[in-house]
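Remember, it's 1-based here, ligands and their atoms both numbered in the order they're listed.
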Amino acid sequence: MKNTFKNEFKIGAALNTAQIEERDSKMTALIMQQFNALTPENVMKSEVIHPAWDTYDFTVADKLVAFAQKNKMELNGHTLIWHSQLSPFARKINSVDSFRTFFTNHIKTIASRYDGKIFSWDVVNEALNEDGTMRKSVFLEKLGEDYVIEAFRLAQQAAPNTELYYNDYNNEQPAKRNGCIQLIKKIQAAGVRIDGVGIQGHWHVGKVPLKEIEESIEAYDALGLKVMFTELDIEVLPRNFQGADVNQRMATDPSLNPYVNGIPANVLAQQAKDYENLFRLFLKHKDKVTRVTLWGVDDGQSWLNDWPVRGRTNYPLLFDRTLTPKPAFEAVLSLKN
Ligand code: G3I
């Protein structure tokens, strides 16, 4: 993948702790063969990296930074400010002043540690509702809506050599996209640096919104920003809503888990078509799209096996559970061959 698209955009994957620690040599070899960009799936999130007021745990994050440096891969830090997977101690802070101190220390400490060692940060993640208004997160409640500008300002000071991005899901959909554009314009109007916008790309087989995605690439590019697809996967199991709000869940029911013993060829073929169409669009806009990151390497690793229903067998990525390339992988590569 990385060689096929080397003149167009970086090809990334999200890694979990086992992958970062190189516990499986076959997996490590596949990562090094296919990808030239990495994102930590969880280990740079607040609850892992900043577990208590005065305690930071950089153990696994540092290993990832070393792995990326050793292999000359572009590392995207994920994520400085996000309401989900926030350290429990931070949620319990009552006073606004103390919360602001936490917010400032968190960004300064982590962003400055990795400045010059990682390529970019998702500075703020998922600050918007589906209608484009600001999500009522603990950050909004405590700090008011300028917290996003503040986060970018602090990141800019602490990490002058690191690209700074806003990241969200469904921000290709018109209402949320408009909210995203307003948010970006506010950051720019404040004279604060923002380099790019991430469209996560958690989509469903047969329903990839190509038109909205293309409109969004063009709209974000018109603001002078780089565009990247940061968490791409195309799931195949049923659910009754869109997006990636981790607080939304559905009850377990066998009818929601139809492919435990294998996935029908026609579903894999449709998924291959979807990936092919997406990558064709990315190639058309290669002057605007700088990175395409898959949210995992193989189907067995995907978060979608446990969300929004626990314990399902999902098939959203380009490699199957034995690390064998799927039809979607071949379809994507065939665009250039
Ligand atoms: O850390 C505990 C571990 O100690 C315990 O043994 C294990 C048992 O289930 O749970 C572990 O925590 C899990 C964590 O991932 C690490 O594996 C959580 O239960 C689980 O909820 C958490 O899920 C992550 C999810 O974010 C939570 O917000 C997924 O791995 C991760 O892929 C997902 O990533 C997010 C992006 O950051 C932002 N956009 C949406 C995307 C998908 O939800």
Side-chain angles (χ1 to χ4, degrees), residues 12-21 23 27 37-52 57 59-61 63-64 75-91 106 110 118 120-130 135 137-139 148 151 165-173 176 180 196-204 228-237 239 241-250 252 291-312 314-318:
L15 300 193
N16 61 28
T17 299
Q19 291 165 324
I20 294 167
E21 295 189 335
R23 289 185 207 160
M27 175 63 83
L38 300 174
T39 301
E41 188 177 359
N42 286 299
V43 302
M44 284 185 174
K45 291 174 181 172
S46 162
E47 68 177 8
V48 180
I49 208 166
H50 191 180
D57 183 352
T59 320
V60 191
K63 286 184 191 170
L64 176 60
L75 182 58
N76 177 56
H78 174 82
T79 167
L80 290 169
I81 297 300
W82 188 30
H83 61 278
S84 203
Q85 287 176 288
L86 179 63
S87 297
F89 87 89
R91 260 181 222 294
H106 182 80
I110 300 166
I118 70 172
S120 54
W121 269 111
D122 293 335
V123 178
V124 176
N125 193 43
E126 302 174 8
L128 294 166
N129 293 317
E130 298 309 285
R135 183 193 287 270
S137 71
V138 59
F139 299 103
V148 177
Y165 305 147
Y166 176 73
N167 193 51
D168 214 327
Y169 59 83
N170 283 355
N171 53 343
E172 76 282 357
Q173 296 298 327
K176 198 161 182 177
C180 195
V197 59
I199 298 172
Q200 291 183 6
H202 296 293
W203 290 308
H204 202 280
M228 58 270 328
F229 292 84
T230 53
E231 304 186 12
L232 181 57
D233 45 30
I234 300 181
E235 66 170 304
V236 300
L237 298 180
R239 63 169 155 127
F241 62 96
Q242 282 196 327
D245 186 336
V246 286
N247 297 314
Q248 276 180 286
R249 288 211 166 258
M250 288 160 66
T252 308
R291 171 166 55 90
V292 180
T293 290
L294 280 300
W295 203 240
V297 175
D298 73 295
D299 287 339
Q301 167 198 357
S302 173
W303 71 294
L304 290 165
N305 294 307
D306 280 310
W307 186 88
V309 181
R310 281 195 207 284
R312 294 200 295 181
N314 217 328
Y315 300 80
L317 294 167
L318 298 180

What part of T79 sits under 4.0 Å from ligand 1 if we count only heavy atoms: the side chain, the backbone, both or neither? neither
Donor-acceptor pair between N42 and N16 side chains, under 3.5 angstrom: no
Name the residue from L80, T79, L86 that meets the side chain to side chain contact (heavy atoms under 4.5 Å, CB included) definition with W82. T79
For atom 21 (O) of ligand 1, find the nearest protein heavy atom and state the residue, atom name and distance (0.1 Å precision). R249 NH2, 5.0 Å
Looking at atom 2 (C) of ligand 1, tell me if a protein heavy atom falls under 4.0 Å from it. no
Do any non-hydrogen protein atoms sit less than 4.0 Å from atom 30 (O) of ligand 1? yes
Donor-acceptor under 3.5 Å (D57 side chain, I49 main chain): no
How about atom 42 (C) of ligand 1: does it have a protein heavy atom within less than 4.0 Å? yes
Restricting to non-hydrogen atoms, name the atom on A151 and the atom on I81 that form the minimum distance, rounded to 0.1 Å. CB-CG1, 4.2 Å
Atom 24 (C) of ligand 1 touched by protein heavy atom at under 4.0 Å: yes
I'd like to check atom 39 (N) of ligand 1 in this structure: does the protein have a heavy atom lying under 4.0 Å from it? yes
Suppose we call two aromatic rings close when their centres sit under 6.0 Å apart. Are W303 and H202 close by that rule? yes
Is there a salt bridge (Lys or Arg N to Asp or Glu O under 4.0 Å) between E47 and K45 once you walk through the steps? CA-CA 6 Å; E47 68 177 8; K45 291 174 181 172; over 6 Å; no
Which residue in the set E126, M228, H78 passes side chain to side chain contact (heavy atoms under 4.5 Å, CB included) when paired with N167? H78
Counting only heavy atoms closer than 4.0 Å, does ligand 1 sit against the backbone of W295, its side chain, both, or neither? side chain
Quick check on side chain to side chain contact (heavy atoms under 4.5 Å, CB included): which of V123, V197, N76 does Y165 satisfy it with? N76
Contacting atoms of ligand 1, where contact means under 4.0 angstrom from a heavy atom of N125: 38 (C)
shortest atom 33 (C) of ligand 1-to-protein heavy-atom contact is with K45 NZ, 3.6 Å
R310 atom CZ, over 12 foreign heavy atoms within 6.0 Å: no
Side chain proximity check, Q85 to N125, heavy atoms < 4.5 angstrom: no
Find out whether L304 and Y315 are in side-chain contact, i.e. whether some heavy atom of one side chain is under 4.5 Å from a heavy atom of the other. no
If you have a sec, work out which protein heavy atom is nearest atom 15 (O) of ligand 1 and how many Å separate them, to one decimal? N42 ND2, 3.6 Å
Looking at ligand 1, is there an atom of it that comes within less than 4.0 Å of some heavy atom belonging to H78? yes
Judged by heavy atoms only, the candidate from E231, E41, Q85 nearest atom 28 (O) of ligand 1 is Q85
Is W82 touching ligand 1 with its side chain, its backbone, both, or neither, if touching means heavy atoms under 4.0 Å apart? side chain
Heavy atom of protein closer than 4.0 angstrom to atom 12 (O) of ligand 1: no
Heavy-atom protein neighbour under 4.0 angstrom from atom 6 (O) of ligand 1: no
Within the structure, does at least one protein heavy atom fall under 4.0 Å of atom 19 (O) of ligand 1? no
